[in-house]
Amino acid sequence: MNHWLLKSEPGTFSIDDLAAAPRRTTTWDGVRNYQARNTLRDSMKKGDTAFFYHSSCEIPGIAGIVRIVKEGYPDKTAFDPQDAHFDPESDASEPRWYVVDVQLVRKLKRLITLDELRKHARKQLADFVVLRRGNRLSVTPVSKTEWEFVLSLE
DNA sequence: GCCAACGTTGGC
DNA sequence: GCCAACGTTGGC
């Protein structure tokens with residue numbers, strides 16, 4: 001069972017939006033980065049859990065936990081000219097972009113802020129990908145020890 | 001294959 | 001709104 005971190009801008013889609021969604025489930029679509037695509041397509045498995053991270057907002061941080069309920073399949077928003085994530089280069093017969101479906105497990109009791117995570121960047125979270133300078137990946141792996149440590153902060 | 005230009009991300 | 005980081009694009 002592996003762990004991940006998924007970034008979302010709460011102005012676009014927040015943890016509360018997920019909590020309000022039917023079956024508290026959503027399709028994680030619109031990812032347009034090859035490394036993140038590979039993770040979605042190849043590595044994320046049903047039953048894996050992920051932190052739901054709020055980025056590009058007033059207080060960035062980890063807001064909740066989600067579970068992968070459907071493994072990688074083609075991102076249909078790439079085929080829709082009306083969609084903001086339309087990619088004319090992606091063809092249904094050879095899809096370029098992938099999604100997974102995630103379900104809310106629970107919101108954290110409180111937001112674990114980026115500020116707070118940084119306080120541990122020299123020790124327990126020395127390799128935490130989201131703390132890396134210039135990190136822009138929207139889908140990143142989280143080790144078991146990092147996962148447990150972050151939850152211990154809660 | 002190199003690399004400059006450009007666009008996007010994301011914290012501040 | 002600014003800017004550093006970094007992925008992508010396209011000319012050569």
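Here is the naming used below: chain letters follow the sequence lines, and residue numbers restart at 1 for every chain.
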Exercise. Counting N and O atoms only, with roles assigned by atom type, does the side chain of Arg41(A) sit under 3.5 Å from a partner on the main chain of Tyr73(A), one being a donor and the other an acceptor?
Worked result: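 Side chain of Arg41(A) to backbone of Tyr73(A): no pair is present.
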Exercise. So, does Asp48(A) use its side chain to make a donor-acceptor pair with the main chain of Asn2(A) at under 3.5 Å?
Worked result: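 Present.
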What is the distance from [atom1] of [X] to [atom2] of [N], rounded to the nearest Å?
X        : N      : atom1 : atom2 : answer
Trp97(A) : dT8(C) : CH2   : C1'   : 10 Å
Asn33(A) : dA5(C) : CG    : P     : 18 Å
Asp87(A) : dT8(B) : CG    : P     : 13 Å

For this session: With sequence neighbours excluded, tell me which residues meet salt bridge (Lys or Arg N to Asp or Glu O under 4.0 Å) with Arg24(A).
Result: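 Testing Arg24(A) for salt bridge (Lys or Arg N to Asp or Glu O under 4.0 Å), a comparison that skips the adjacent residues, returns none.
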Problem set entry | For His3(A), the option from Phe51(A), Phe149(A), Trp147(A), Phe128(A) that meets ring-ring contact (aromatic ring centres under 6.0 Å, His included) |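 Filter result, single survivor: Trp147(A).
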Exercise. Nearest 0.5 Å, what's the OG-CD distance between Ser143(A) and Gln124(A)?
Worked result: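 Between atom OG of Ser143(A) and atom CD of Gln124(A) there are 11.5 Å.
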Under-3.5 Å N/O pairs linking protein and nucleotides 9-12 of chain B:
{"unit_1": "dG10(B)", "atom_1": "OP1", "unit_2": "Lys7(A)", "atom_2": "NZ", "d": "2.8"}
{"unit_1": "dG10(B)", "atom_1": "OP1", "unit_2": "Arg136(A)", "atom_2": "O", "d": "3.1"}
{"unit_1": "dG11(B)", "atom_1": "OP1", "unit_2": "Tyr53(A)", "atom_2": "OH", "d": "2.8"}
{"unit_1": "dG11(B)", "atom_1": "OP2", "unit_2": "Ser56(A)", "atom_2": "N", "d": "2.9"}
{"unit_1": "dC12(B)", "atom_1": "OP1", "unit_2": "Arg118(A)", "atom_2": "NH1", "d": "2.8"}

